Amino acid sequence: MRWRYLKQSVFFGLVSASALIITLVLGGIIFYIITNGYSVISLDFITKPPTDSMTKGGIMPAIIGTIYLTVGAIAIGLPFGIASAIYLTEYARQGKIVRIIKIGINCLAGVPSVVFGLFGLGFFVIFLKFGSSILAGSLTLGFLILPTIIGASEEALKSVPQTFREASLSLGVSKWQTIYRIVLPNALPGILTGSILGIGRAAGETAPIMFTAAAFFTAKLPSSIFDEVMALPYHIYVLATAGTNIEATRPIQFGTVLVLVGVVLGIDLIAIIIRGYMRRKKRW
Amino acid sequence: MDSHIIKLHKVNFYYGQTQALTDISMNFGQNRVTALIGPSGCGKSTLLRLLNRMNDLIDGTKVEGEILFEGRNIYAPNIDPVEIRRKVGMVFQKPNPFPKTIYNNISYGPKLTGVTVADMDSLVEQSLRQAVLWDEVKDILNKSAMNLSGGQQQRLCIARALAMKPDVLLMDEPTSALDPISTAKIEELIEELKKDYTIIIVTHNMQQAARISDETAFFYLGNLVEYNKTEKIFTNPDVKQTEDYITGRFG
């Protein structure tokens, strides 16, 4: 009896310790970024372009660029992802072909992001002649997050009770209307929850946009989706590796990292708010 | 039993390799209540779901034979199952209202199936009255249907089916998830609905079949063992197996 209690407390201690370590590491990273980066954060930093070979000034074009690219990636990844998931869960006959497609999607999720970048360069930038642009970068990022969105959407669609589908179909409502009016609205909170992960990843990736969208430096804001943009992750990479005076840009690097984390959290927050709003309406 | 709204002729049904129904021939009378009884897995629910083509939703099923609804074979290639389901409504074992308002639960079907409804409000009221739910919900039509009790939800599901103005109402153990008082209400309701609709009900509850149905069909292992007037089945069945089941000797 004693022994069992002892074992229980040992295991309980181990799992608590793991949770604590994770939290500490995360907290440590954030603390480190904030302490090193907060000094450069100012209104000018987020509203002005870089100056003096990027050793002074702000990072406004990179913030705007990252927002454009992320929104573009969502605009491409979400519809395609949800549509694919609807096909896989609602229409396709479950069997060998669907299994192969699902394995393919899972493999896609494991492909290194630089491969997506090269694909984007070869296909969108060169073959389709989009050039290095918001469009090419958004498409590349959209494809990168597609597996995450498909996976999340599949889970969310499957979690909608089968009885809802049956009830709707038994009324003589067509399959598409059933999906559109009943299944999809009830799956949307779940779809968004899962997609948040993908969206955060899209905002923070460097490799996929390196060859497809990101500019080393451009002070002007993009005027069309065929323009190049600066982007926060790439800007950090540039400051840390390719600047003329890397040491002088150190505080700006940390500031940029802080802003990037803030932007990603901001995008997540919007999705969380939308999800919370929709969840309040969902009850079964 | 003069007019038969549904006629089955030598119907076989398979889930993949497994035969679930064997050689079923039977007719369902118009404006009658027919009860389908039998032990679990005997095929009675499968048969019910054949009548509005709900078995189509399951991959790898096969139907043989003829099922005529108002004279048309509903498994003929030119028949749209969606069309059939508008005429043959269904109520399920567990109440399954949509997570919408009470009003929108009722208006959902008519709105989406392209039926032109001159006055949706009165259709909603009429359907809820038919399901004897109107007085309980008339002041909360814009509240979520999920707040209703189980019995109220089931009557809402009946009202939802009635709003499509079907000819036939299929009920798959509609009271098995309900308490005795709600069950009694649903049974009274079936009695009332029979004037306007043909009702086919699957039930595990022998007393219920005896109380509410005009005809009773007893199934066993995918076969139709006996089909007769309810009174006859429950007092003097022709087949020994039927008697054994009804008296509780097996099942």
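The shown structure was predicted, so the numbers you read here are calculated from the model rather than taken from an experiment. Order of the sequence lines sets the chain letters (A, B, ...), proteins ahead of strands, with each chain counted from 1.
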Report task. Using a cut-off of 6.0 Å, state whether more than 12 heavy atoms not belonging to A:Y68 lie near its atom OH. Result -> no
Query - Over 12 non-hydrogen atoms of neighbours within 6.0 angstrom of OH in A:Y180 - result: no
Report task. For atom NZ of B:K94, decide whether the heavy atoms of other residues, nucleotides or ligands shown that lie under 6.0 angstrom number more than 12. Result -> no
**Report entry** More than 12 heavy atoms of other groups within 6.0 Å of A:K158 NZ
**Finding:** yes
Query raised in the report: Atom CZ in B:R160, atom OG in A:S170: separation rounded to 0.5 Å?
Result: 6.5 Å
**Report entry** Which atoms of B:P81 approach chain A - backbone, side chain, both or neither, heavy atom under 4.5 Å
**Finding:** neither
Report task. Examine whether an atom of B:L57 lies under 4.5 Å from a heavy atom of chain A, and if so say whether it belongs to the side chain, the backbone or both; otherwise answer neither. Result -> side chain
Query - Under 4.5 Å from any heavy atom of chain B - which part of A:R181 - result: both
Query raised in the report: With a 4.5 angstrom heavy-atom cut-off, which part of B:M90 approaches chain A: side chain, backbone, both or neither?
Result: both
Report task. Go through the atoms of B:K100 and report whether side chain, backbone, both or neither lie under 4.5 Å from a heavy atom of chain A. Result -> side chain
**Report entry** Carboxylate-amine/guanidinium contact B:R49 A:E166, below 4.0 Å
**Finding:** yes
Query raised in the report: Tell me, side chain or backbone of B:R53 under 4.5 Å from chain A's heavy atoms, or both, or neither?
Result: neither
Report summary line: In terms of heavy-atom contacts, A:F164 and B:F98 come closest through O-CE2, 3.6 Å
Requested in this report: Pick one of side chain, backbone, both or neither for B:V91, based on which atoms fall under 4.5 Å of a heavy atom in chain A.
Outcome: neither
Query - Side-chain touch A:P161/B:N96, heavy atoms, less than 4.5 angstrom - result: no
Query raised in the report: What are the two closest heavy atoms between B:R86 and A:G172, and how far apart are they?
Result: NE-O, 3.1 Å
Query raised in the report: Roughly how far, to the nearest 0.5 Å, is OG of A:S168 from CG of B:L112?
Result: 7.0 Å
Requested in this report: Look at atom CZ of A:F80 and say whether more than 12 heavy atoms of other residues, nucleotides or ligands are closer to it than 6.0 Å.
Outcome: no
Report task. Can you see which heavy atom on B:D59 is nearest to which on A:R93, and at what distance? Result -> OD2-CG, 3.4 Å
Query raised in the report: Counting only heavy atoms not in A:I97, do more than 12 sit closer than 6.0 Å to its CD1 atom?
Result: no
Requested in this report: Under the side-chain contact (heavy atoms from CB on, under 4.5 Å) rule, what do A:L171 and B:Y108 come out as? Steps first, then yes or no, please.
Outcome: CA-CA 9 Å; A:L171 291 168; B:Y108 174 80; 3.9 Å; yes
